[in-house]
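What follows is one structure encoded as structure tokens, with my remarks underneath.
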Amino acid sequence: MTTYTDAQAEAIATLDEPLQIIACAGSGKTQVISQRIASILARPGVEPRNVVAFTFTEKAAAELKERILGLVETELGDVTGLAEMYVGTMHGYALDLLQRLVPDTFKFSVLTDITNQLFIDRYSAKSGLTSCPTSSAQGALRRYRNSKLYMQILNVLREDTIDATHVPEGVIESFDKYMTLIDDHALFDYTQMINVAVQYLEGDPYEDDDVVRVQEHVERDIQYVVVDEYQDVNPLQERLVRGLVQFGANLCVVGDDDQTIYQWRGSQVANIVTFADRYAGVKQVTLDDNFRSSRGVVEVGRSVAERIPGGQRLPKSMVAAGHQQWGRGDMLALEFDDPAGEAGWIADRIEAMSGLAFADTPGGDPRGLSWSDFAVLFRSVSNDSEPLVKELRERGIPFIVKGLNKLFDSPEIQAVVGIFEFIVNTIDADALKLMWEDAQLLPVGSDWAKALAVLESGRDFGASKRHAVYNIQRLYLDFLEALDMREDNLPGAPVRRELAFYQLGKFSQVISDYEQIYFTTEPKAKYTGFAQWLRFQAPGYYADADADVGYATPDAVTIATVHQSKGLQWPAVFLPALRQNRFPARVMGGVSMRHVIPDAAIQDPGRYRGTVEDETRLFYVAVTRSQKYLFATWAPIQSNQQQRRRSVFWDHVAAQQWVSTVVSPLLSDRLAPQPRHETPQVTLSFSELKYLFECSYQFKLRFLYGFNAPIHEALGYGKGLHDALAEIHKRALEGDILTKDVAESLIGRHLHTPFAYPTLREQLRSAGVKAVERYFDTHGREIAQTEFSEKQIRVHVAPGITVDGRIDLIRRLDTGETAIVDFKSTERAQAEDVTRDQLHVYAVGYKELTGSSADVIEVLNLDDKGKTTREPVHEPLLEAVRDKIHDAGEALRRNDLPRLPVWDDGRCGSCDLVGLCRERLS
DNA sequence: CACGGCAATTTTTTT
DNA sequence: AATTGCCGTG
């Protein structure tokens, strides 16, 4: 049982008035939020679905979820329906809201940063890019060159509070073009999902049924809203929050204004600072107690925050309340002659401190510090980390660098890029072979001529008129298969083979990104465009292959940016490269937002350019990551005239009484280094689980390495059918029973097949209409017996192992029994030989959701001659299935994911990736 | 104080 | 790519 401070207890107990929790660094805010939510769930009449909690990242959401589930289990025992409590990002929430309640958006898919840029460039005129005026000498924005900037403009216009009278007309016209274009293509970019959700929340109910449905749901179901990291909420997100609490739901915001570090993405400190003025009757609770760090670290952190002018801060005063002891010499501010010397000292210090006694918890047994207890935080990893990386590598100290886009630097990826240079004739076959030899990518005994033949036929663009024949992903997979590319065929040790495969898999993702946008382009243009993109754009986007391998956290020194360190902590933190013009960073030149959107149109335009206060907040975050040891260092770069002076931040740290400027010997006891044990969270979607049960090696290829199946022209058919049926059943729940005559319009609304050529599209459309009509014929009578449609389920199998999924349909049979129904259609069915085990996962989920058991499970095939199977839920199997999921989760953590021992016709035969696994046997 | 040379960051968000 | 602002020099 955790004990709470008075302030914490007060925050936890405040449930009926608007609450603002001002949480200093290390004040145990996640625990407080979790406990507060557990208290909410304990209230009579409150259902989990009444609670919505927002986090900034998915990772933070997973942690919070796990913490809440743990508390609920110990304090309340079995609570049903926990799957319906939303804990996640605002983006995820907005998308989910729309795709549950607004039928017109069911077919929309989401553009990532990368695909969004590809999309804008592909449609450079229609997207408004090349007609968007600037005040710079270059005139309008240019294709490829300015598309990133254009994306930022498009975001700001939606996310920020804009005074449209000051925005040039041409900019507005471009913006309108883009909005029409993404809508025509049924696409959401990240901002758009929130933007559209906000429109429904703020919309006039008299205008449209969907607005009514959304607002009624909010009014009826949402009673408690919690927003974590509130300081980083932008104006559009603030409107989403307002929309959710507009009917009287309780709002609790948690944040620290001093940690506002994403202002260049639209967050505005004023939002958190003036919260109490904007909502009536706000209760403010300040969590001043820092349990994370020693007194010295806390005092230095507080002094940094106090550099921020008062008007921009909420009053607070962080105090040390934890068990870490400050000692003279724990905190140092040092100067070096050059970056190499600085890096050398850091490496020395890490080696010297390894094994130092350190206690994680008050009164807990001390352990020896290990590599993963050290973090080196840079303002700019890409500019400043090189000397340190070199030093650590030479000494054999394990480390992971976050935030570097280095995938394309590796010889392996260069060799793969070579394939496409060969296809478009910029290199010849011999040069290509050389690249593959140099990269050590030729499997033992492979037949190069056979592989080359695949490429030769691939670049014969006259061979077929059907564009889909020139599928880049298929060509890539065929080439690898022709080479007999198997993990165990590659030269080198197992670790290097795994890394090589990881890189090949990442490249498959690169292809997918490009092909999602350019699938239907004329083959020759498509391949030349791809080769160009690989040269000029893609290298800036993709992180090194080993950046995020698997689930196991390695025992390694962390090298990261301050931004990435947010929310994390380490016993020892190094803050190097504290030079003027670096940290605080100087503003950037070039064509920037101000050339497109005048300052007058935006409130507080300075935040997009970066201010000293913003940098100070970032430095505050950096300092407060440390639990005990903190080393601020700097060294001039002689060759760069702007990087020869000390940072004011270094001066600030050096002037603190807690900090020494001369190194003294390390006094603490020595123990054997022992990394802090952390169990990685495993969250599996139902489809991931399906692959994991089916063949764990296929799971590895797909989800860990990243291999993607080739895009199929009919993609979207199964989803469209599915969505049409979902609408039928959702309407039935509202008492609106549809009939056969709407089949045509349902398919019209839901079927979206962006990769199909016109004839195929028409075929799919009529097939879809027939399938829906057939459904009305055979199941029309049962539509009224719908219990749930598209029901979210969550199975918490063991601490840290969760399965998320969605049941298509739950309905009552004439016999009075409850049936769980899973829809299948050709397109979805191909690899989907759903087994009893998998279906029983649904049954387990249903039980966790409602507390009662389903009676039968039905697989309903929507195809012409497809047959429906129905079988009883086998109670004893439910427990066995839980065990099986548990074992699968453990195997994942151990990275124990072998292929099937022998060829299995049912499974291997339909696997898109067998070519990377074993000889085909058919 | 004016001028020319030089070098210019951070990155989250979906199935 | 180019515009912006820092730094050193005159």
Side-chain angles (χ1 to χ4, degrees), chain A residues 54-61 88-96 98-99 106 108-116 134-139 141-142 144-146 148-149 151-152 155 159 187-195 229 232-234 236-237 240 260-267 377-384 402-405 540-541 543 560-567 577 579-595 607-610 614-615 617-619 621-622 637 639-645 683 685-688 703 719 804-806:
Chain A
F54 292 132
T55 58
F56 195 61
T57 63
E58 273 307 319
K59 198 172 149 243
T89 64
M90 292 202 198
H91 295 82
Y93 181 81
L95 186 64
D96 184 59
L98 293 171
Q99 301 206 323
F106 290 0
F108 275 60
S109 47
V110 178
L111 288 169
T112 64
D113 254 7
I114 297 174
T115 52
N116 198 2
T134 74
S135 62
S136 123
Q138 73 160 46
L141 295 179
R142 303 205 211 150
Y144 305 121
R145 192 174 302 169
N146 298 124
K148 249 187 176 156
L149 172 61
M151 274 165 63
Q152 198 199 353
N155 284 334
E159 286 180 333
L187 293 168
F188 284 143
D189 61 29
Y190 288 133
T191 304
Q192 190 62 2
M193 2 194 221
I194 295 186
N195 193 31
E229 305 284 13
D232 281 323
V233 161
N234 65 40
L236 181 67
Q237 293 168 333
L240 180 79
T260 311
I261 60 171
Y262 286 103
Q263 47 289 108
W264 39 274
R265 278 177 33 212
S267 46
L377 305 179
F378 288 95
R379 173 72 244 257
S380 164
V381 167
S382 55
N383 284 291
D384 293 333
K402 290 186 180 170
L404 274 188
N405 293 136
Y541 272 124
T561 63
V562 182
H563 284 91
Q564 288 164 326
S565 73
K566 187 177 183 180
R579 296 185 298 267
Q580 191 173 111
N581 290 325
R582 163 69 3 91
F583 200 0
R586 50 165 299 195
V587 293
M588 262 228 301
V591 184
S592 62
M593 223 186 61
R594 50 176 30 225
H595 298 263
R607 69 194 203 275
Y608 285 107
R609 328 185 55 219
D614 295 334
E615 295 289 311
R617 284 184 269 265
L618 192 59
F619 190 65
V621 169
I637 302 180
S639 58
N640 184 334
Q641 66 166 352
Q642 295 190 29
Q643 308 267 334
R644 284 179 204 159
R645 295 158 183 237
T683 304
S685 70
F686 181 74
S687 63
E688 285 171 327
F703 300 108
K719 170 103 169 53
D804 278 326
R806 199 179 271 178

Given protein heavy atoms under 4.0 Å, the one-letter contact record of nucleotides 10-15 of chain B, with B base, S sugar-phosphate only and - none, is simply BBBBB-
Its contact letters, B for base, S for sugar-phosphate only and - for none at protein heavy atoms under 4.0 Å, make nucleotides 5-10 of chain C read BBSS--
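The minimum heavy-atom distance between A/N234 and A/R265, with the atom names listed, is ND2-O, 4.1 Å.
Rounded to whole Å, the distance from CG on A/L149 to P on C/dA2 is 15 Å. A/F583 places its CZ atom 17 Å from the P atom of B/dA8, with the value rounded to the nearest Å.
Using a 4.0 Å heavy-atom distance criterion, A/T134 is classed as making no nucleic acid contact.
A salt bridge is defined here as a Lys NZ or Arg NE, NH1 or NH2 lying under 4.0 Å from an Asp or Glu carboxylate O, and A/D96 with A/R806 meets this definition. A salt bridge links A/E615 with A/R379; the closest basic N to acidic carboxylate O contact falls under 4.0 Å.
Judged by distance alone, the side chains of A/Q192 and A/D189 never bring a donor and an acceptor atom under 3.5 Å apart.
A side-chain donor-acceptor contact under 3.5 Å links A/R607 to the backbone of A/G266. No side-chain donor-acceptor contact under 3.5 Å links A/H91 to the backbone of A/I194.
Between C/dT4 and B/dT11, the two P atoms lie 25 Å apart (nearest whole Å). Atom name C1', nucleotides B/dT9 and C/dC6: the rounded distance is 16 Å, in whole Å.
In this structure, the side chain to side chain donor-acceptor pair (under 3.5 Å) partners of A/D232, at least two apart in sequence or on a different chain, are A/S267, A/K566. Judged as a side chain to side chain donor-acceptor pair (under 3.5 Å), and not counting sequence neighbours, the contacts of A/T561 are A/Q564. For A/Q99, the side chain to side chain donor-acceptor pair (under 3.5 Å) test picks out no residue, with sequence neighbours left out.
Under 4.0 angstrom from either OP1 or OP2 of C/dA2 there lies no side-chain N or O belonging to A/H595.
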Might you work through the side chain to side chain contact (heavy atoms under 4.5 Å, CB included) test for A/T134 and A/L141, ending with a clear yes or no? CA-CA 7 Å; A/T134 74; A/L141 295 179; 3.5 Å; yes
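For an aromatic pair to be called close, the ring centres must be under 6.0 Å apart, and A/Y262 with A/F56 satisfies this.
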Dot-bracket assigned to DNA chain B with the 3.5 Å Watson-Crick/G-U criterion, [ ] for crossing and | for other-strand pairs, is ||||||||.......
